Undergrad: 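Got a structure for you, questions after.
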Amino acid sequence: MRLPTTTLQNCLRVSQRSSTFLRIRRVSPTGFNCYSTNAPPTVEVAGKSFQRDEWTNVPPHIISCVNRSLHLTPSHPIAITRALVERQFIGPVYKSYNNLSPVVSVHQNFDSLGFPASHPGRSKTDTYYINKDTVLRTHTSAHQADIFAAGESKGFTVAADVYRRDAIDRSHYPVFHQMEGARMWSRSEVPGSDIAAAVRADLEKLPKHNLVVEDTTSVFHEGNPLQPEHSAKECEAIAAHLKRSLEGVVVEVFGQAKKAAIAAGEAKEDDAPLAVRWIEAYFPFTSPSWELEVFWQGEWLELLGCGVVKQSLPNNAGVPDKLGWAFGVGLERVAMLLFGIPDIRLFWSKDGRFLSQFKEGQISRFAPFSKYPPCYKDVAFWLKTSSSPAGGSLAQFHENDMMEVVRDVAGDLAEDVRLVDEFVHPKTGRKSLCFRINYRSLEKTLTNDETNALHESVRNALHERYGVELR
Ligand code: FA5
Ligand code: MG
């Protein structure tokens, strides 16, 4: 069945605001430990027990996602997508790691990658902390340093579940999947220690393609600098190898997507070719850095971030003679495009009408089952302020805290949550927020009683956990 354009466009809306690396903070930089009251002293994650502390903010509904392993369930669209991308990076050059635990140290997730202490990605509003030293990884880059240190191959891929406190809409879920890739060359192993020549020789061996990729970025400049340890020729060669490798992924993935769309009567052979572009980016652990975007259904969609690995990583991993590139691609983004899946919650569905549509190794278009009616409900409340008589430590509230309460209470029955009004009382200085929640099940029509009960529980939870005054 053909999807309505609006649905497709919604599913392809790019989450510019969800990047760990560039984020606009709306309310508070801190976040809360909303699970401390009456909580047991330890928290169990992936079969292990961790001591709780004032940093613990990982809720039960997130912990329950830890063992789903969608990327390893052969007939699941995330695993089919994973296998398709992985086939572009094969052994013996690339070794794949697909079973790394999502429980990582703050050191692995942030410090090893050179995140500054003040980076917003580290805050409790953005990251699920198990305790002050341990997090659920927010990206697969958390494993770069360890894999460089292990030195088992010239390159690697890591496919895994990653966790972020984030917005609720059709393209955001607090758990999603990334694939990391990296390729390093060793000064002591390449002929004549000439990295640039060795990388160029490897570039020649990569398949050529005739996809036109817009690229107005310069290889490096002051704002996206060459690293002092690299020569211009080395950086240029590594950038060229990186870009050609990733363009190869796009050619393969979208070639397959087009075939499936033609088979389903959703596209024609002579449709305009795909528009793809490189733009400049910033990551604490690569320089220079880029993102790859594709133009799809009227919007530029960010698929991945990448760059030349900061030399501090191999240096700290005990392999200072190595240099190269790394990337991280979002598998849900790719899968939504490949299969025409309109809502990111569907990936977590256990409904046979969803799961039975996919087969290992096959790209097919998703046929939506009936669309059930939405139900919009607003909740408005006054925030607690430190100056109010009841004030104290719960003075601030982050939009992601709202998302968390709704996820916790309504789970996948919430399709969308938006801040629709923000108001500061001119006399008291108190702040009021109003959020609109769209309750809609992917599997059935919700009754009025069910939605009212959910909404009432959301209201109560907001009051109990954050001390807000409901309006
Ligand atoms: C990163 O996570 C970097 N670790 C990527 C990287 C790796 C850069 C290696 C350099 C070297 P970013 O936060 O932009 O970057 O996420 C990477 C990709 O994950 C995005 O391009 C997007 O495809 C996907 N992604 C990010 N946030 C979400 C989200 N909330 N929902 C679905 N996909 C997302
Ligand atoms: Mg990004």
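Given the structure is predicted, the values throughout are model-derived calculations rather than measurements. Indexing begins at 1, ligand by ligand and atom by atom, following the structure's order.
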Undergrad: Is Cys306 touching ligand 1 with its side chain, its backbone, both, or neither, if touching means heavy atoms under 4.0 Å apart?
TA: backbone

Undergrad: Check whether the side chains of His76 and Glu360 place a donor and an acceptor atom closer than 3.5 Å, and report yes or no.
TA: no

Undergrad: Counting from 1, what ligand 1 atoms have a heavy atom of Glu180 closer than 4.0 Å?
TA: 7 (C), 9 (C)

Undergrad: Counting each atom of ligand 1 from 1 as listed, which ones have a heavy atom of Gln144 under 4.0 Å away?
TA: 9 (C)

Undergrad: Measure from the Mg ion (ligand 2) to every N/O/S atom of Glu291 and report the name of the nearest one.
TA: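 Going by distance to the Mg ion (ligand 2), the closest N, O or S atom in Glu291 is OE2.
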
Undergrad: Taking C-beta and beyond as the side chain, do Glu280 and Ser218 meet within less than 4.5 Å on heavy atoms?
TA: yes

Undergrad: Classify the contact between His139 and ligand 1 as side chain, backbone, both or neither, using a heavy-atom distance cut-off of under 4.0 Å.
TA: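 Side chain only.
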
Undergrad: I want to check something: taking the side chain as every heavy atom from C-beta on, are Ile363 and Leu84 in contact at a cut-off of under 4.5 Å?
TA: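 With C-beta onward as the side chain, the pair touches.
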
Undergrad: Applying a strict 4.0 Å limit to heavy atoms, is Glu332 in contact with ligand 1?
TA: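 No.
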
Undergrad: Quick check for you: to the nearest 0.5 Å, what is the distance between Thr138 atom OG1 and Arg122 atom CZ?
TA: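 The CZ atom of Arg122 is 10.5 Å from OG1 of Thr138, to the nearest 0.5 Å.
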
Undergrad: Of all the atoms in ligand 1, which lie at a distance below 4.0 Å from a heavy atom belonging to Glu302?
TA: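 Heavy-atom distances to Glu302 below 4.0 Å select 14 (O), 20 (C), 21 (O), 23 (O).
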
Undergrad: Report, in ascending order of atom number, the atoms of ligand 1 lying under 4.0 Å from any heavy atom of Leu304.
TA: 21 (O)

Undergrad: Report the part of Leu303 in contact with ligand 1, treating N, CA, C, O as backbone and CB onward as side chain, heavy atoms under 4.0 Å; options are side chain, backbone, both, neither.
TA: backbone

Undergrad: Do Ile147 and Val158 have side chains that get closer than 4.5 Å, going by heavy atoms?
TA: yes

Undergrad: Is the Phe358-Phe339 ring centre distance short of 6.0 angstrom?
TA: yes

Undergrad: Flag the pair His119 / Phe283 as yes when their ring centroid distance falls below 6.0 Å, and as no otherwise.
TA: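 Not close enough - the centres of the two rings lie 6.0 Å or further apart.
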
Undergrad: Applying a strict 4.0 Å limit to heavy atoms, is Phe285 in contact with ligand 1?
TA: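 Yes, that is the case, since the closest heavy atom of the residue is under 4.0 Å from the ligand.
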
Undergrad: May I ask you to list the atoms of ligand 1 that are less than 4.0 angstrom from any heavy atom of His172?
TA: 30 (N)

